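Written below as structure tokens is the structure these notes are about.
None of these values were measured; they are calculated from a predicted model. Residue numbers start from 1 in every chain, and the chains themselves are labelled A, B, ... in the order their sequence lines are given, proteins ahead of strands.
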Amino acid sequence: MISSLRGMNDILEENYERFTHFINTATNIAQKYGFHFIETPLLEETALFKRSVGESSDIVGKEMYQFIDKGENDVCLRPEGTAGVVRAFIQKKLDKAGGTHRYFYHGSMFRYERPQKGRLRQFHQFGVESFGVESVYEDAAMIMMAADILLACGIGYRLQLNSLGDSNCMPPYKENLVNFVTKLEDKICEDCVRRVATNPIRVLDCKNSTCQDLYATAPKLINNLCSTCQDDFDKLKKILDANSIAYEINTNLVRGLDYYSKTAFEFVSDDIGSQSAIAGGGRYDRLVEFLDGRPTPAVGFAMGIERLMELIQMPEVKREGYYIGAMDDEAVDLVMNLAHKKRQTDKTTIDYKAKNLKNHLKGADKANARFCCVIGTDELENGTIWIKDLEEKIENKIPIMEF
RNA sequence: GUGGGAUUAGCUCAGUUGGUUAGAGCACUGGUUUGUGGUGCCGGGGGUCACGGGUUCGAGCCCCGCAUCCCACCCCA
């Protein structure tokens with residue numbers, strides 16, 4: 001038997017119901033916020049991700065499905081969605097057109113990681129990206145949209161917030177931190193030594209308690225923001241307060257992708273194990289420029305659909321449509337004919353075998369039909385059909401012509 | 001990538017110190033004497049015990065390998 005590749009799952013049956021329910025709910029809400037659907041290719045030039053996500057990130061450094069195609073192009077399966085959307089935005093010259101452009105997308109992402117619960121090699125994200133709005137109100141709207149989607153799906157969460165600063169305050173802070181940590185280099189753990197070289201801010205997040213003690217007096221970015229960043233961060237908190245969105249400040253929250261600046265946020269669930277981030281995003285004002293576009297402010301977030309799936313509260317399934325069965329072999333052809341007619345307007349289930357009434361009622365239950373319709377000898381003779389409303393428990397016979 | 005655990009029917013799991021034809025519940029399917037369901041009763045199908053080796057007279061059970069999933073690290077959605 002050939003089975004699917006490691007970390008790559010099929011989505012079917014009950015999982016498909018959950019999956020589509022989420023997509024429909026999220027799509028609906030994104031549209032209410034004025035976002036439009038965008039679809040970008042799964043395969044992109046490798047350079048796109050190296051330049052956007054950043055070569056220092058784990059995603060690009062060791063998790064990409066990268067290969068040389070038959071035309072000798074260096075390509076890879078997208079590990080995240082933002083880079084492709086930004087590329088499309090620039091390619092369509094919307095950066096030069098000006099104005100605001102808001103998109104949402106959903107689809108497969110690929111990362112060559114060791115799978116565990118909530119971490120797959122092919123997984124699905126729902127994401128949104130907003131271009132051209134510098135105002136921090138847009139950051140707040142993003143967070144509110146994500147919160148609305150989670151709420152609509154009945155998913156509980158904790159919202160963590162941080163500011164990563166901008167090109168004014170981040171570089172000097174980073175230098176400051178590197179100096180601080182470098183002095184401790186012989187005392188900190190191996191991972192931290194590596195982090196100093198790749199993504200220094202991550203050391204603050206280290207789980208090693210020795211490291212944590214050493215970093216207690218480390219400079220915090222949140223105390224070193226420039227006035228613009230500080231004002232925006234304060235304003236963001238005010239907007240969220242005014243709209244009853246609860247949050248906690250996590251000064252160690254660092255997005256793993258290099259392109260983020262200023263607002264960074266993460267929605268976390270305590271009910272799905274160690275892979276607890278269910279949505280994450282933030283502002284990325286410099287990314288369009290990095291990818292050769294005209295400087296354009298932007299903000300976005302992405303949600304991990306598989307992680308949300310088991311948290312989604314599914315709406316109660318209601319009885320729907322018709323079930324039609326025959327109690328006599330001679331009636332089967334007629335049943336088939338009626339079903340074809342009924343299917344033009346309603347969901348209709350049909351049993352091809354003649355059975356007694358009890359079994360048809362059982363079948364109608366199993367199909368979760370609202371109406372159980374049966375044709376037996378009596379009905380054949382009189383040209384009628386027996387119909388029972390399984391919810392209201394009302395039954396009657398009507399002429400077949402009126403069915 | 002590192003360390004640990006698990007793997008028996010479609011699903012959730014039993015399976016004794018290694019010993020005959022490997023079990024249960026649920027699900028599926030059929031019947032239930034006269035046309036009333038979701039919740040009665042009786043029956044039926046379904047397993048290369050993940051896979052590959054080894055030890056043994058004999059392996060679901062012991063040993064080695066491998067795959068997948070799970071947990072932690074790491075990372076992130």
Side-chain angles (χ1 to χ4, degrees), chain A residues 1-9 13-14 22 53 56-63 78-82 106-127 146 150 157 189-192 194-195 198-199 202 205-208 253-257 260 264-269 272-282 300-309 311 319 323 325-328 353-372 374-379 386-391 393-395 397:
Chain A
M1 187 188 67
I2 296 173
S3 46
S4 68
L5 262 20
R6 180 177 212 190
M8 298 198 175
N9 290 164
E13 305 267 318
E14 139 120 42
F22 173 77
V53 178
S56 70
S57 71
D58 276 18
I59 292 176
V60 169
K62 47 191 188 193
E63 295 174 1
R78 63 182 183 193
E80 59 98 48
T82 301
H106 50 81
S108 295
M109 307 298 160
F110 301 84
R111 294 182 197 173
Y112 196 89
E113 294 188 90
R114 176 129 167 209
Q116 67 181 72
K117 188 185 177 73
R119 186 164 73 184
L120 295 164
R121 287 183 173 181
Q122 176 174 4
F123 61 103
H124 297 79
Q125 285 188 341
F126 178 93
L150 295 174
Y157 60 83
C189 71
E190 269 178 50
D191 283 337
C192 280
R194 177 179 49 81
R195 288 182 184 117
T198 56
N199 201 343
R202 278 225 161 268
D205 217 5
C206 185
K207 298 212 170 54
N208 186 311
L253 174 64
V254 186
R255 315 264 52 245
L257 292 67
Y260 285 107
F265 57 89
E266 205 163 284
F267 288 78
V268 177
S269 167
I272 49 170
S274 66
Q275 305 304 312
S276 59
I278 51 179
F301 71 77
M303 299 181 143
I305 301 178
E306 280 83 354
R307 289 183 188 177
L308 295 172
M309 292 239 276
L311 296 169
R319 288 186 177 280
Y323 169 100
M327 292 179 65
D328 262 320
K353 274 160 82 179
K355 291 179 185 172
N356 64 31
L357 185 60
K358 186 168 184 156
N359 281 329
H360 278 313
L361 283 160
K362 278 188 185 174
D365 258 329
K366 211 152 283 171
N368 211 31
R370 173 78 189 264
F371 301 99
C372 180
V374 172
I375 297 179
T377 5
D378 295 356
E379 288 80 10
W386 178 89
I387 301 173
K388 179 165 185 176
D389 182 331
L390 296 176
E391 211 163 279
K393 302 179 197 296
I394 300 167
E395 61 186 80
K397 286 185 185 182

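Here A:Ile278 lies in heavy-atom contact (under 4.0 Å) with sugar-phosphate atoms only. Across all strands, A:Gly7 comes closer than 4.0 Å only to sugar-phosphate atoms, never to a base (heavy-atom distances). Across all strands, A:Ile375 comes closer than 4.0 Å to no nucleic acid atom at all (heavy-atom distances). The residue A:Ala364 sits apart from the nucleic acid: no heavy atom pair falls under 4.0 Å. Nucleic acid contact class of A:Lys362 (heavy atoms, under 4.0 Å, all strands): base.
In a base pair of the Watson-Crick type (N1 to N3 plus N6-O4 or O6-N4) or a G-U wobble (N1-O2 and O6-N3), with each distance short of 3.5 Å, B:A24 is matched with B:U12. The partner of B:A77 is absent, by the rule that a Watson-Crick or G-U pair needs both atom distances under 3.5 Å. Pair assignment for B:G38 gives none, since no Watson-Crick or G-U wobble pairing has each distance under 3.5 Å. Searching all strands for a Watson-Crick or G-U wobble partner of B:C57 with both distances below 3.5 Å returns B:G19. Pairing for B:A67 is with B:U7, a Watson-Crick or G-U wobble pair whose two hydrogen-bonding atom distances lie under 3.5 Å. Look at B:A72: its Watson-Crick or wobble partner, with both distances under 3.5 angstrom, is B:U2.
For a distance-only test at 3.5 Å, the side chain of A:Arg119 fails to qualify as a donor-acceptor partner of the base of B:C70. In terms of polar N and O atoms assigned as donor or acceptor, the side chain of A:Glu395 never comes within less than 3.5 Å of the base of B:G35 in a complementary pairing. The base of B:G37 is paired with the side chain of A:Lys393 by a donor and an acceptor separated by under 3.5 Å. The base of B:C76 sits with one of its N or O atoms less than 3.5 Å from a complementary donor or acceptor on the side chain of A:Arg307. Judged by atom type and distance alone, A:Lys358 does not reach the base of B:U36 through any side-chain donor-acceptor pair under 3.5 Å. No donor-acceptor contact under 3.5 Å links the side chain of A:Arg6 to the base of B:A67.
Nearest to the side-chain atoms of A:Arg111 among the listed nucleotides B:G38, B:C75, B:A77 stands B:A77. If you check B:A77, B:A72, B:U29 against the side chain of A:Lys366, the one that comes closest is B:U29.
The two atoms that bring A:Arg307 and A:Ala277 nearest to each other are NH1-O, 2.8 Å, heavy atoms only. The shortest heavy-atom contact between A:Gln116 and A:Ser274 is NE2-OG, 3.1 Å.
Between the CG atom of A:Leu253 and the P atom of B:C75 there is a distance of 14 Å, given to the nearest Å. One can place CG of A:Asn356 at 15 Å from P of B:U29, the figure rounded to the nearest angstrom.
RNA chain B is contacted by both A:Asp378 and A:Met303; A:Asp378 maps to the nucleotide lying nearer its 5′ end (nearest heavy atom per residue). Toward the 5′ end of RNA chain B lies the nearest nucleotide of A:Val374, the other residue of the pair A:Val374 and A:Ser3 mapping further downstream.
Annotation: B:U39 and B:A24 have their P atoms spaced 22 Å apart (nearest Å). As rounded to the nearest Å, B:U16 and B:G60 have P atoms that lie 12 Å from one another. For the C1' atoms, the distance linking B:A6 with B:C66 amounts to 15 Å, nearest Å.
Ring-plane geometry between A:His106 and A:Phe126 is classed as parallel, the angle between the planes falling under 30 degrees on a 0 to 90 degree scale with a further cut at 60.
Looking at heavy atoms from C-beta onward, A:Leu120 lies out of side-chain contact with A:Met8 at the 4.5 angstrom threshold. In this structure, the side chains of A:Val374 and A:Ile387 stay at 4.5 Å or more apart for every pair of heavy atoms.
Looking at A:Gln125, its side chain never comes within 3.5 Å of a backbone N or O of A:Gly127 through a donor-acceptor pair.
No side-chain N or O of A:Glu63 forms a donor-acceptor pair with one of A:Ser57 less than 3.5 Å apart.
Neither OP1 nor OP2 of B:G37 sits under 4.0 Å from any side-chain N or O of A:Asn359.
A stacked arrangement is not assigned to A:Trp386 and the six-membered base ring of B:G35, the conditions of a centre distance below 5.5 Å and an interplanar angle below 30° not being jointly met.
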